[in-house]
Q: 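To start, I am sharing the structure in question, which I have written as structure tokens.
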There are 2 protein chains.
Amino acid sequence: MAHGSRSNRHGSTPPRDAISELTTERLSIYLRCLNYLESIPQSTVSSQELAKRFHLNSAQIRKDLANFGEFGIRGVGYNVALLKERLQKTLGIDRSRRVVIAGAGNLGMALADYRGFSTGGFDVVALMDSDPAKVGRTSKSGIPVIPPTELPRIAKAESIDIGILAVPAEQAQDVYDAMVDAGIRAVLNFAPVRINPHGNVKLKSVDLRINLESLSFWLKNCDEGDCGEETEE
Amino acid sequence: MAHGSRSNRHGSTPPRDAISELTTERLSIYLRCLNYLESIPQSTVSSQELAKRFHLNSAQIRKDLANFGEFGIRGVGYNVALLKERLQKTLGIDRSRRVVIAGAGNLGMALADYRGFSTGGFDVVALMDSDPAKVGRTSKSGIPVIPPTELPRIAKAESIDIGILAVPAEQAQDVYDAMVDAGIRAVLNFAPVRINPHGNVKLKSVDLRINLESLSFWLKNCDEGDCGEETEE
DNA sequence: GCATGTGAATGGATTCACAGCT
DNA sequence: AGCTGTGAATCCATTCACATGC
């Protein structure tokens with residue numbers, strides 16, 4: 001109780017009306033753009049300028065933002081720093097999110113040390129690997145490798161928010177299940193398999209091969225005639 | 001001429017009618033599923049079984065496949081090995097695609113050695129890095145690091161199909177432009193920036209942060225009330 | 001005047017449901 | 001009978017265009 005009354009007083013309007021994944025991914029993109037503008041530096045931007053600069057659609061920008069409040073000033077545009085802050089809050093990265101990565105192979109190690117994660121909101125707490133030879137070592141940046149048996153304890157103790165699967169395809173389902181059992185509620189999967197998802201645990205998959213195959217398809221159709229003006233992001 | 005007459009004789013029907021990216025990405029997924037079935041082994045599969053097993057929609061599978069020919073047998077289903085072969089051909093990975101990776105940092109190195117690429121259709125020919133200290137060395141699996149000045153020559157000599165950007169955000173645009181100049185016609189970008197695309201060069205971006213942010217958004221909205229039955233791939 | 005925020009219109013993609021083949 | 005391939009129907013996302021407010 002005492003939870004949902006003050007409805008539109010200054011942007012705390014809750015989504016509640018089912019925001020699509022496409023929308024939230026665009027919010028991240030806007031955030032990226034704003035970071036750039038802030039570094040220029042530039043303090044104000046209109047949806048049109050954003051659209052032109054970064055190949056977006058101005059109406060879509062406005063509509064996406066409108067889902068979460070009224071962040072702009074009519075006749076003026078958006079305050080870069082302010083909008084950035086609002087987007088970070090909307091995406092839930094105003095506080096740090098704790099991450100564990102399963103699989104201390106090439107990919108897992110690279111992700112663990114990826115600066116794009118550590119700077120700004122994501123905190124890789126541990127790598128996990130079933131290979132005893134790897135356990136106890138650390139990544140270049142010092143993230144420790146723990147054994148699978150430690151997962152439940154770490155997940156609780158460090159209140160892990162997100163699990164990343166960077167294990168071979170054959171192990172992915174089992175490790176996913178273990179993460180779910182350990183109470184992790186969001187998983188990002190890099191293994192090239194379809195995970196059997198557990199309801200209530202958010203699953204997203206990034207299949208690196210799919211992207212290459214998609215490019216290959218385009219190349220093939222290019223060779224065979226119509227190249228068109230494709231670009232896409 | 002002598003190009004488009006024998007229309008539907010055994011599946012060589014050309015797309016020509018603009019296949020969406022979503023469709024081609026699903027083709028890759030189907031291919032992944034077929035590989036699994038082949039390993040079971042299982043020789044025949046219906047769209048319904050595929051759908052049930054891998055959380056897909058049977059009508060969509062049939063519709064996607066129908067874009068490229070009639071691969072199934074009514075009353076029976078699809079031959080796993082045959083369909084797999086057809087999909088590989090459709091995606092243009094029946095022959096090997098040659099890849100160069102820009103950026104010999106953690107991510108670039110991990111991608112270069114990623115087994116998911118090398119096994120089956122993609123051939124990482126070289127890493128490229130502007131750091132002289134890295135040039136001349138190799139990745140764990142032996143892929144050589146070349147300097148940027150070598151790119152045009154390698155691109156021609158090795159007939160590179162695909163460039164991968166694994167460089168820091170600040171360099172991404174320049175390296176992309178260099179790849180375009182070198183005649184590379186498809187680029188996969190891992191840098192968290194919006195690349196200004198060159199027409200006629202296919203660009204796809206994979207932003208690792210976006211995926212984490214998307215999970216974070218979901219977690220946040222979970223905490224604040226409606227969790228729903230989300231899952232998604 | 002200028003740019004946001006938004007209903008209405010458009011355009012795509014997914015799903016339904018069945019005709020047609022084996 | 002069973003399952004594919006496909007028009008029709010539905011659903012969702014994007015874009016347009018304008019009323020609203022600075």
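As a basis for the values below, the full set of heavy atoms in this structure was taken, side chains included, without hydrogen atoms, waters or symmetry mates. A, B, ... follow the sequence lines: proteins, then strands. Residue 1 opens every chain. Being a predicted model, the structure only gives us computed values, none of them experimental.
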Q: Quickly work out the A:Ile61 CD1 to C:dT6 P distance and round it to whole Å.
A: 16 Å
Q: Over how many whole Å does the gap from A:Glu25 atom CD to D:dA13 atom C1' extend?
A: 14 Å
Q: With no hydrogens and no angle check, do the side chains of A:Asp64 and A:Gln60 hold a donor and an acceptor under 3.5 Å apart?
A: no
Q: Rounded to whole angstrom units, what separation is found between the CZ atom of A:Phe71 and the C1' atom of C:dA3?
A: 17 Å
Q: Can you tell me the distance, in whole Å, between the OH atom of A:Tyr30 and the C1' atom of C:dT4?
A: 14 Å
Q: Are the side chains of B:Leu219 and A:Lys202 in touch, meaning some heavy atoms are under 4.5 Å apart?
A: no
Q: Distance check needed: D:dT15 P versus A:Asp64 CG, whole Å only.
A: 10 Å
Q: Are any of B:Arg26's side-chain N or O atoms less than 4.0 Å away from OP1 or OP2 of C:dT14?
A: yes
Q: Distance check needed: C:dT4 P versus A:Leu56 CG, whole Å only.
A: 13 Å
Q: Send over the distance from B:Gln48 CD to C:dA17 P, rounded to a whole Å.
A: 14 Å
Q: Side-chain donor or acceptor of B:Lys63 under 3.5 Å from a matching atom on the base of C:dT14?
A: no
Q: Applying a 4.0 Å non-hydrogen cut-off, can you work out what B:Thr23 is touching in the nucleic acid: base, sugar-phosphate, or nothing?
A: nothing
Q: Please determine if B:Asp161 and B:Arg98 form a salt bridge, counting it only when a charged side-chain N lies under 4.0 Å from a carboxylate O.
A: no
Q: Can you tell me which nucleotide in D:dT14, D:dG7, C:dT6 comes closest to the side chain of A:Arg62?
A: C:dT6
Q: Using a heavy-atom cut-off of 4.0 Å across all strands, would you classify A:Ser20 as base, sugar-phosphate, or nothing?
A: sugar-phosphate
Q: Tell me which nucleotide among D:dT4, D:dG5, C:dC16 gets nearest to the side chain of B:Ala59.
A: C:dC16
Q: Rounded to the nearest angstrom, tell me the gap between atom CD1 in B:Ile19 and atom P in C:dG12.
A: 14 Å
Q: Quick check on D:dT4: is either OP1 or OP2 less than 4.0 Å from any side-chain nitrogen or oxygen of B:Ser47?
A: yes
Q: Does any part of the side chain of A:Asn221, heavy atoms only, come nearer than 4.5 Å to the side chain of B:Ile19, both counted from C-beta?
A: no
Q: Check whether any side-chain heavy atom of B:Tyr30 sits under 4.5 Å from a side-chain heavy atom of B:Leu56, and report yes or no.
A: yes
Q: Any side-chain N or O of A:Tyr78 below 4.0 angstrom from OP1/OP2 of C:dG5?
A: yes
Q: Reading DNA chain D from 5' onward, which residue's closest nucleotide shows up sooner: A:Leu22 or A:Val76?
A: A:Leu22
Q: Assuming nearest nucleotide by heavy-atom distance, tell me which of A:Gly75 and B:Gly72 is located more 5' along DNA chain D.
A: B:Gly72
Q: For the side chain of B:Arg74, starting at C-beta, report the closest nucleotide among D:dG5, C:dA3, D:dT20.
A: D:dG5
Q: Should B:Asn57 be listed as having a side-chain N or O under 4.0 Å from OP1 or OP2 of C:dT14?
A: no
